[in-house]
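So the structure is just underneath, and the comments pick up after that.
Predicted model, so just to flag it, every value in this text is computed and none were measured. A note on names: the letters A, B, ... follow the listed sequences, proteins ahead of strands, and every chain is numbered from 1.
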4 protein chains.
Amino acid sequence: MARPKSPEKRDALLAAAVQLIAEQGLSVPTSKIAKVAGISEGSLFTYFETKETLLNELYLELKVEVRANMLDTYPTHASLEVRARYIWDMYVRFGIAHSDKYKVITQLSVSDSIREQTKRLSMEGYEALHAMVQEMFAYGALKDQPYAFGTALLLSLMNMTIEFIALHPSEADRFWDAGFIAFWNAVTGS
Amino acid sequence: MARPKSPEKRDALLAAAVQLIAEQGLSVPTSKIAKVAGISEGSLFTYFETKETLLNELYLELKVEVRANMLDTYPTHASLEVRARYIWDMYVRFGIAHSDKYKVITQLSVSDSIREQTKRLSMEGYEALHAMVQEMFAYGALKDQPYAFGTALLLSLMNMTIEFIALHPSEADRFWDAGFIAFWNAVTGS
Amino acid sequence: MARPKSPEKRDALLAAAVQLIAEQGLSVPTSKIAKVAGISEGSLFTYFETKETLLNELYLELKVEVRANMLDTYPTHASLEVRARYIWDMYVRFGIAHSDKYKVITQLSVSDSIREQTKRLSMEGYEALHAMVQEMFAYGALKDQPYAFGTALLLSLMNMTIEFIALHPSEADRFWDAGFIAFWNAVTGS
Amino acid sequence: MARPKSPEKRDALLAAAVQLIAEQGLSVPTSKIAKVAGISEGSLFTYFETKETLLNELYLELKVEVRANMLDTYPTHASLEVRARYIWDMYVRFGIAHSDKYKVITQLSVSDSIREQTKRLSMEGYEALHAMVQEMFAYGALKDQPYAFGTALLLSLMNMTIEFIALHPSEADRFWDAGFIAFWNAVTGS
DNA sequence: CATGAATGAGGATTCATTCAT
DNA sequence: GATGAATGAATCCTCATTCAT
């Protein structure tokens, strides 16, 4: 449980993994990851027992980063719309600014290497967001749905928006706004 | 004059690929696919030059099936809402009824094995859908967006709905409807 | 033993084999040979039981062609030098004019696919040449060697000359002559 | 700091390759080579990136050995005939004593796996021999030919002699001498 | 006889993981 | 701990040959 090993190397490995997976997919050899991280092939396995472990920890780390980004300075006391827009902006901005990390999360999400346990862990800590969604629901046609439906909907529209902007970067602002409006209408419409 | 290439075998290979990829991911060995299809390992390559080709043809075949399912009996002359709901129902139904095919499409979509050409081909034939989205846009806040934004939005919500239902199958109907309403509001809301 | 099958197809197969082996080596697939010959993959095996058989028959055929070329109009009654030069010219000319056949003979000679029996057969019919070599030996330092040594020597110098000319084609005539002189001196020198 | 790459294993692989290629031709599986070398199948590829690389390095190694054998104790200041005979003896002796290596060189020379670069490298370091040939030319009918023609001639006669002796080992000495005399007369005759 | 699909034993190479140094 | 050589199962694909049509 103790982790006496150098955290720098661990981070270097994860960073290398992000870069390489974004470029070449989940099948990148561990040896390549180690080399890009400036670490020996064998040492990778003192930081991560198996490749699968590396992938799971990477997934968690990225999800944590995304969540921190969205929620650490979340304006709890602002108006509903301000808060919703805040979430939207932080997530979409992250997806655009860190397209490699975004891609990796996407790849890992559909892969079969992420354990249930990891998935569960990655979904914790979104209380503020759930609350927000519930508040939004109150006004509209989705009022009887569980908040999880709302967050899934939000996530799906944010992802769609990020991917659409990736294809049409010159009109980023326009789709950024349009996406949010669509979300707002979807959830609050009656 | 020789034994003709048998479409049944081709289909068996594709079906085996669907089953195995849904279960085990894109990394299933071609040998397993051949075995499940009841065909020798080498024969697979008389039907598909490479594994990549198999994957591309599979992708196309599945997309074609989805499209046919959505559009072959599309009620062109029905009201906008009926038509929208028709698309929604057919796609979502397909995703739920053929969760293995649905998973395979998802996996292939994010993989790097699908060629640009294949992607392009898979996007043809959606004119009716584009038209429908444009009609919907006319009424709402998204009126200035390209129809592609609308179809992306539709696709993303249908997928979200399918996946949500897969997690909560006992309440399928409820989320099925909720998803549609969300979509309707998202696109027509002002 | 009877060979009722179309000799044209057999010849086409051998010709295709010459071309492809010269270009790509002995490992050319039989399927390629068949295709270039305009014959189906399986039919190749009605003309030649195995690939090895094809190779052996090809070797023999080429050797026979070379021999015919050298000896069919051999000037039996001409002077020794004229006869020697005749052999030299005919063989070297063949090697240069049919570099593909020449290459194939060379490849087959060192390969392990030619049976002893084939090698033996390919060495028959050189009586005139042996006689000539023996006549040459009479005058010089090699007088006590078996004629086979002389023919080996001749062959080796002709091959060397062909290969040298292949590398320096612009000065073909010069090396052609020089080779012959070297041979003449080698065998008749005292 | 890790286990260092062992030159013994590299040598064992090369030696195994020599043995097996001499016996079975260039198509020996890498797996067999590894097994005979007492090394795991995968390890072969830590010593040689590809089979082609193994073959090229083997070729070079053998050529270097032959050259060293011929030239390392070459009697630079001896008479022309002594020097010529020295070359002849060393090369022919090598060919007879190491018939497996000799065979491998022959096979590789005609194969298409040897890169131009490798061929070029393998031809360096023969200055003494070139000089010797040129000296011999001075006396005879070949005086106007480039020295390369002379070395080609020498090589071709040495190879012929080795192969002839391989077929008639009981009379090795006789053909050994005869070959040299033939060479001497070929090059110095007028 | 001709055809070319079917077969399946290889074959070169890769790669996660282990372990000697 | 760090290193990278060692391992060998696994993978995609090839190809001579057979055989159904």
Give, ordered by number, those residues of residues 28-41 of chain B having at least one heavy-atom distance below 4.0 Å to an atom of DNA chain F; if nothing qualifies, reply none.
-> B/Val28, B/Pro29, B/Thr30, B/Glu41

Please state how far atom CG in A/Leu20 lies from atom C1' in E/dA16, giving the value in whole angstrom units.
-> 16 Å

How far apart are the C-alpha atoms of A/Glu52 and A/Arg115, what are their side-chain angles, what is the distance that settles it, and do they pass the salt bridge (charged side-chain N to carboxylate O under 4.0 Å, His left out) test?
-> CA-CA 9 Å; A/Glu52 206 213 354; A/Arg115 303 179 200 115; 3.6 Å; yes

Classify the nucleic acid contact of C/Thr46 as base, sugar-phosphate or nothing, counting any heavy atom under 4.0 Å across all strands shown.
-> sugar-phosphate

Between C/Asn56 and C/Ile114, which heavy-atom pair has the shortest distance, and what is it?
-> OD1-CA, 3.5 Å

Electrostatic pair C/Glu23-C/Lys103, nearest N-O below 4.0 angstrom = no

Could you check which of F/dT7, F/dA5, E/dT17 has an atom nearest any side-chain atom of A/Thr50?
-> E/dT17

Is it true that D/Glu41 and D/Lys35 have a side-chain N and a carboxylate O under 4.0 angstrom from each other?
-> no

Phosphate-side-chain proximity, A/Lys9 and F/dA2, N/O vs OP1/OP2 below 4.0 Å = yes

Cut-off 3.5 Å, side chains only: do C/Thr50 and C/Thr53 have a donor facing an acceptor?
-> yes

Starting from P on E/dT3, measure out to CG on C/Leu13 and report it in whole angstrom.
-> 11 Å

Identify the residue among D/Leu58, D/Ile21, D/Val18, D/Thr106 that makes a side-chain contact (heavy atoms from CB on, under 4.5 Å) with D/Lys101.
-> D/Val18

Please check if any side-chain donor atom of D/Ser43 sits under 3.5 Å from a side-chain acceptor atom of D/Thr46, or the reverse.
-> no

What nucleotide, of F/dT3, E/dA12, F/dC19, holds the atom closest to the side chain of D/Lys51?
-> E/dA12

Can a side chain N or O of B/Tyr47 be found less than 4.0 Å away from OP1 or OP2 on E/dA6?
-> yes

Can you tell me how far P of E/dA16 sits from CG of A/Leu44, to the nearest Å?
-> 9 Å

Atom pair distance, as rounded to whole Å: CD in B/Glu49 and C1' in F/dT14 | 13 Å

Rounded off to whole Å, could you give me the CZ-to-C1' distance for the D/Arg3 and F/dA5 pair?
-> 5 Å

Starting from P on F/dC15, measure out to CD on C/Gln24 and report it in whole angstrom.
-> 10 Å

Want to settle it: does B/Pro4 or B/Ser27 sit nearer the 5' end of DNA chain F, counting the closest nucleotide to each?
-> B/Ser27

Could you tell me whether C/Phe48 contacts a base, only the sugar-phosphate backbone, or nothing, with contacts defined as non-hydrogen atoms closer than 4.0 Å?
-> nothing

D/His98 and D/Tyr102 aromatic centres sub-6.0 Å | no

Nucleotide pairing, DNA chain F (Watson-Crick or G-U, distances under 3.5 Å), in dot-bracket with [ ] and | = .||||||||||||||||||||

Along DNA chain E (nearest heavy atom to each residue), the more 5'-positioned of D/Glu52 and C/Gly42 | C/Gly42

Judged by atom type as modelled, is there a donor-acceptor pair below 3.5 Å linking the side chain of C/Arg67 to the main-chain atoms of C/Glu124?
-> yes

Let me know the distance between CG of A/Leu55 and P of E/dA16, rounded to the nearest Å.
-> 10 Å

Evaluate the side-chain proximity of D/Phe45 to D/Thr30: yes if any heavy-atom separation is below 4.5 Å, no if none is.
-> yes

Between F/dT18 (C1') and C/Phe45 (CZ): distance, integer Å | 9 Å

